[in-house]
Amino acid sequence: MADDIFKKLVAHSKEYGFVFQSSEIYDGLGAVYDYGQNGVELKNNIKKYWWDSMVKLHENVVGLDSAIFMHPTIWKASGHVDAFNDPLIDNKDSKKRYRADVLIEEALAKLEGKMDKEVDKAKKRFGDSFDEKQFRETNPRVMANQEKWNALHKRFADALNDSNLEELKQIIIDEEVVCPISGSKNWTDVRQFNLMFSTEMGSTAEGANTIYLRPETAQGIFVNYLNVQKTGRMKLPFGIAQIGKAFRNEIVARQFIFRMREFEQMEMQFFVKPGTELDWFKKWKETRISWHRALGFGDENYRFHEHEKLAHYANAAVDVEYKFPFGFKEVEGIHSRTNFDLTQHQEFSGKKIQYFDPELGESYVPYVVETSIGVDRMFLQVMAASYFEEELTDNKGQKDIRVVLRLPAALAPVKLAVMPLIKKDGLPEKAREIIDALKFDFNCMYDEKDSIGKRYRRMDAIGTPFCVTVDHQTAEDNTVTIRYRDTMEQDRVEISKLTEIMENAVSMKPLFAKLK
RNA sequence: GCGGGAGUAGCUCAGCUGAUAGAGCAUUAGCCUUCCAAGCUAAGGGUCGCGGGUUUGAAUCCCGUCUCCCGCUCCA
């Protein structure tokens, strides 16, 4: 049932130019998607709603746009390099997963065991006069094993050094390593499980450095903390907001645009005095939920999910979850990140990252409260919340399904469609005149093809909140009809009033008024 | 990653056990003019995901591969 709606939503997103699979004509690229002509408008509007609510509405929050490429040491400091960087291999029979390097180390240990056994035996035989070093260097069986060990060890070290995964697998095959559970040698390829994408910077092979595509935008804010604080003369508490792309090489990326390998984040890091972070955490929690609720998708569809297990950097964490067709899922996270990140960067960079508190007369590393929302998840949430299939009955008693995207007007990709009732008698020209007057302020669309009812439905499908129709009366008194997407009702209004009507209707101000 | 299902026109799908690729909607052009889809006429659009194999002949059978969906697993 719910699944059905989700499928329809995916199909609708494609059919009406919201979301396309990346590289579709080449069979697609896993978990990467493109935004189409309507999708990009909706996405931009979502970003604007967030950006303005953060940066414009808060005197002490400023923006930033940091680069995707960053110094590789940043990811050591943040913990991303060590956190998840192992060569893994699966046994196809037991379906158990092992670290390939550990399996090889065990093979090495086995050889060591063999040699030790020989040594022990000899020790017993010769007693006190036994010279272990000499024995090891002369006994043919020990020497053979030592040679094997040396060769294997070198091969292993080289493979690790070059991150040569094929070689690691070959070692496991050559050493006839078996799975302790299934006892089989039926292995998958060795895969490097690193959530970060890497690339080379520098055009010559010798001079090239491995750098990573950022797996989160937050670090770009932390490393610019001093720049912004000093040049902006910012006083604690203050925040830095950023919207940008991040990349994660997910093992399992699923559910349409919910979990993608390339995605966009809207993050705000709020720097506070140590000891006050939990109060601010609470405050931002309320602010953020009110931002979601202001869109009018129903308060009951949102809930908080408090984290019990906390990440290494956090002392409090909560998710804002929305009731998707496939269940309650996270759209935003609010985390109290303590002073972990700034302290780490202070250590790794050797630069002091502190704030001089004029009240206390002393310096400290600020604590951080983060709000982090996925643009793409938010996009999916808005689509899911707006998609309706309405059953209508026309005056002949015929049943009919109307697909309508009840997008908040401020977010709608197209704000206004202007169309001539029929495409002659000067009506098209008049319609274009109206568009020319409005197109700089509102995203408008012209349509003259097919019956007026059909054109209204097309606009419903992409969530256009208003349709203006030019008819024969327009030439007489300069009025048009304006038809509302949600009620399907219409009013007759003067052309000269359209700008004002539209301005009020598509403004984000009413949304902002509801924010805490 | 494992298991299951799927991939045929822009969308939704039909095409049974091998023999010249279909429908509805959508699109384009023309006619008609009518404020809530489905009026008339015509047209365009698919080497049936891709590669290989079996066969006189493959959308259909076999193998591989890619992508999507569901479940499990993994992870923040």
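So you know, we letter chains A, B, ... as the sequences are listed, proteins then strands, and number each from 1.
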Separation between the [atom1] atoms of [N] and [M], rounded to whole Å:
N	M	atom1	answer
B/G49	B/U60	P	8 Å
B/G53	B/A21	C1'	23 Å
B/C25	B/C63	P	39 Å
B/G1	B/A9	P	27 Å

Heavy-atom nearest nucleotide on RNA chain B taken for A/Ser451 and for A/Val32; more 5' hit belongs to A/Ser451

Crowded around A/Tyr484 OH? As in, over 12 foreign heavy atoms under 6.0 Å?
-> yes

Kindly state which residues belonging to residues 483-500 of chain A come within less than 4.0 angstrom of RNA chain B, counting heavy atoms of the residue only, listed by number.
->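 Listed by number, they are A/Arg483, A/Met488, A/Gln490.
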
Do we see a donor-acceptor contact under 3.5 Å between the side chains of A/Arg492 and A/Thr479?
->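 There is such a pair between these side chains.
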
Assess the side chains of A/Tyr35 and A/Asp376: does a donor N or O sit below 3.5 Å from an acceptor N or O?
-> yes

Which part of the nucleic acid, if any, lies within reach of A/Asp471 when heavy atoms closer than 4.0 Å are counted: base, sugar-phosphate only, or nothing?
-> base

Report, one pair per line, the protein and nucleotides 26-33 of chain B atoms (nitrogen or oxygen only) whose separation is under 3.5 Å.
residue: B/A26; atom: OP1; partner: A/Lys454; partner atom: NZ; Å: 2.8
residue: B/U27; atom: OP1; partner: A/Arg458; partner atom: NH1; Å: 2.9
residue: B/U33; atom: OP2; partner: A/Lys424; partner atom: NZ; Å: 3.4

To the nearest 0.5 Å, tell me how far A/Phe222 CZ sits from A/Thr343 OG1.
-> 10.5 Å

Just how far, in rounded Å, is C1' of B/U12 from OH of A/Tyr16?
-> 12 Å

Qualifying salt bridge (Lys or Arg N to Asp or Glu O under 4.0 Å) pairs, either residue in residues 30-46 of chain A, two or more places apart = A/Lys43-A/Glu264

